[in-house]
Amino acid sequence: MDKEVAEALPGASLSSNGDGADRHVETGVVDSATGCALHYRLYRPAIARTEDLVILGHGFLRSQERMVDLAQALADEGIPTATLDFCNARFWDGRHIRNGLDMIRVADALDAKQVVYAGFSAGGLAALVAGRNDPRTLGVVALDLVDAGRLGEGMAAGLDRPLIGLVGDPSPCNAQNNGLAVFSATDRAAVERVTGAEHCDFESPTDWLCRLVCARDASEETSPRRDIITAATDAVASLIEPPSEAQHAGRWAGG
């Protein structure tokens with residue numbers, strides 16, 4: 001990373017890609033309004049196709065480590081992407097509104113001009129909060145979104161940007177697909193069901209804890225995780241570029 005980037009992102013550092021891809025990963029810290037530290041990573045493409053930024057949120061009590069594969073896939077498509085660790089969530093309180101505002105705070109720290117907010121599970125709910133409250137929002141992409149207290153329904157009803165959802169099979173871990181009511185709350189939503197997908201398939205890499213709690217019936221070898229990453233990347237691309245120009249945006253054309 002050159003000196004100018006380091007000065008623009010206090011606390012940033014260059015880390016190894018590990019997979020041979022031509023991208024840079026910078027790390028930084030910004031304070032939440034509550035005072036806790038929001039650690040983030042910026043996956044910066046070597047050749048960017050856009051100046052727009054994706055802010056990507058993880059699931060309830062998970063971490064940005066669980067969103068690495070999607071962040072890398074987006075960066076490899078030339079789309080700058082930032083992940084973060086939510087620092088306000090507690091076991092007894094997801095603090096989804098605060099998490100959404102913290103996503104905006106990271107976008108501010110990175111001087112974003114236009115943003116796609118995206119996230120998995122509770123991170124999808126936080127992304128919707130962020131998208132509803134940030135005028136720079138191009139759209140929201142939610143992966144197996146889980147609502148809480150109908151917060152998502154209210155946010156979606158007031159959203160004037162496209163909302164794209166990927167959903168798996170109903171299970172206790174996605175509150176029996178309660179996120180579907182969120183998408184029904186707006187006429188700007190497009191939803192695609194990933195048949196056979198369980199909740200853990202929407203984070204990557206997942207771990208033993210998610211598999212234990214969400215009790216995957218099928219083997220990891222049959223997981224549609226790579227298909228989900230491809231679909232999510234296509235969804236983000238459709239929001240960043242007009243459908244006629246995006247490489248894979250046809251399936252999401254029209255919102």
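Owing to the predicted nature of the structure, the values given are computational and were not obtained by experimental measurement.
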Nearest heavy atoms of Ala232 and Leu166, plus distance in Å: N-CD1, 3.7 Å
I'd like to check Arg62 versus Leu209 (side-chain heavy atoms, cut-off strictly below 4.5 Å). Are they in contact? yes
Please give me the minimum heavy-atom distance between Pro170 and Gln176, naming the atom from each residue. CB-OE1, 3.6 Å
Using side-chain contact (heavy atoms from CB on, under 4.5 Å), reason through Ser63 and Glu65 one step at a time and then give a plain yes or no. CA-CA 5 Å; Ser63 75; Glu65 294 289 344; 3.3 Å; yes
Is the shortest heavy-atom distance from the side chain of Pro45 to the side chain of Ile47 under 4.5 Å? no
Output the distance between atom OG1 (Thr195) and atom CG (Asp227), rounded to the nearest 0.5 Å. 11.5 Å
Worked verdict on Arg161 versus Leu138 for side-chain contact (heavy atoms from CB on, under 4.5 Å): CA-CA 6 Å; Arg161 300 290 189 272; Leu138 293 170; 6.0 Å; no
Assess the residue pair Val194 and Asp201 against the criterion (side-chain contact (heavy atoms from CB on, under 4.5 Å)); give the C-alpha distance rounded to whole Å, side-chain angles, the decisive distance to 0.1 Å, and a yes or no. CA-CA 10 Å; Val194 185; Asp201 292 327; over 6 Å; no
State, yes or no, whether a side-chain contact exists between Phe183 and Val167 at a heavy-atom distance under 4.5 Å. yes
Could you state whether Leu70 and Val146 fall into the same hydrophobic cluster, counting links through intermediate Ile, Leu, Val, Met, Phe, Trp or Tyr residues with side-chain heavy atoms under 4.5 angstrom apart? no
Output for pair (Cys210 SG, Leu61 CG), nearest 0.5 Å, gives 12.0 Å
What closest approach, in Å, do Pro162 and Leu239 show between heavy atoms, and which atom pair accounts for it? CB-CD2, 3.6 Å
Answer with yes or no whether the hydrophobic clustering places Val115 together with Leu38; edges join I, L, V, M, F, W, Y residues whose side-chain heavy atoms lie under 4.5 Å apart. yes
Are more than 12 heavy atoms from other residues, nucleotides or ligands located less than 6.0 Å from atom CZ of Arg150? no
Here's a test for you: under side-chain contact (heavy atoms from CB on, under 4.5 Å), which of Leu53, Asp108, Val116 qualifies with Arg136? Asp108
From CD (Glu198) to OG1 (Thr222), nearest 0.5 Å: 8.5 Å
CD1 of Ile79 to CZ of Arg44: how many Å apart, nearest 0.5 Å? 14.5 Å
Given the options Thr50, Asp52, Thr137, Asp134, Gln114 meets side-chain hydrogen bond (donor to acceptor under 3.5 Å, both in side chains) only with Asp52
Test: Cys214-Cys173 SG spacing under 2.5 Å: yes
Min side-chain heavy-atom separation Met103-Leu84 under 4.5 Å: yes
The reported gap from OH in Tyr43 to OG1 in Thr81 (rounded to nearest 0.5 angstrom) is 9.5 Å
N-O pairing of Asp102 and Arg98 below 4.0 Å: yes
Do Phe60 and Val68 share a hydrophobic cluster, counting only Ile, Leu, Val, Met, Phe, Trp and Tyr and linking them when any side-chain heavy atoms are less than 4.5 Å apart? no
Would you indicate whether the side-chain heavy atoms of Val140 and Ile164 approach each other to under 4.5 Å? no
Any donor and acceptor pair, going by atom type alone, linking the side chain of Thr186 with main-chain N or O of Arg188 inside 3.5 Å? yes
Over all heavy atoms of both residues, which pair between Leu128 and Ala156 is shortest? Give the atoms and the distance, please. CD2-N, 4.0 Å
Can a salt bridge be assigned to the pair Glu26 and Arg41 using a cut-off of 4.0 Å between side-chain N and carboxylate O? no
Leu74 side, atom CG; Gln72 side, atom CD - distance, nearest 0.5 Å: 10.5 Å
Answer yes or no: is there a donor N or O on one side and an acceptor on the other, between the side chain of Arg225 and the main chain of Phe202, under 3.5 Å? no
Is it true that Leu101 and Leu125 fall in one hydrophobic cluster, defined by side-chain heavy atoms closer than 4.5 Å? yes
Kindly say whether Arg90 contributes a backbone atom to a donor-acceptor pair with the side chain of Asp93 at under 3.5 angstrom? no
If we ignore hydrogens and angles and just use 3.5 Å, is the side chain of Asn174 paired with the main-chain N or O of Asn177 as donor and acceptor? yes
Look only at the side chain of Asp169 and the backbone of Gly196, and say whether a donor-acceptor pair between them is shorter than 3.5 Å. yes
Should the pair Asp160-Arg132 be classified as a salt bridge under the 4.0 Å nitrogen-to-oxygen rule? no
Is the number of heavy atoms from other residues, nucleotides or ligands within 6.0 Å of CG (Leu180) greater than 12? yes
Are Arg49 and Glu77 close enough for a salt bridge, meaning some N to O gap below 4.0 Å? yes
Quick check: do Leu145 and Phe120 have side-chain heavy atoms less than 4.5 Å from each other? no
Side-chain donor-acceptor contact under 3.5 Å, His199 with Asp144: yes
So which of His58, His39, Gln64 actually passes side-chain hydrogen bond (donor to acceptor under 3.5 Å, both in side chains) with Thr83? Gln64
Between Ile228 and Ala197, which heavy-atom pair has the shortest distance, and what is it? CD1-CB, 4.2 Å
Less than 4.5 Å apart, any side-chain heavy atom of Tyr117 and any of Leu56? no
Sidechain N-carboxylate O distance under 4.0 Å for Asp111, Lys113: yes
Any side-chain heavy atom of Asn88 within less than 4.5 Å of one from Cys36? yes
Without swapping roles, check the side chain of Arg66 against the backbone of Pro205 for a donor-acceptor pair under 3.5 Å. yes
Please lay out, stage by stage, how Leu110 and Leu42 fare under the test side-chain contact (heavy atoms from CB on, under 4.5 Å). CA-CA 9 Å; Leu110 295 173; Leu42 174 61; 4.2 Å; yes
For Ile229 against Thr233, the heavy-atom pair lying closest together: O-OG1, 2.8 Å
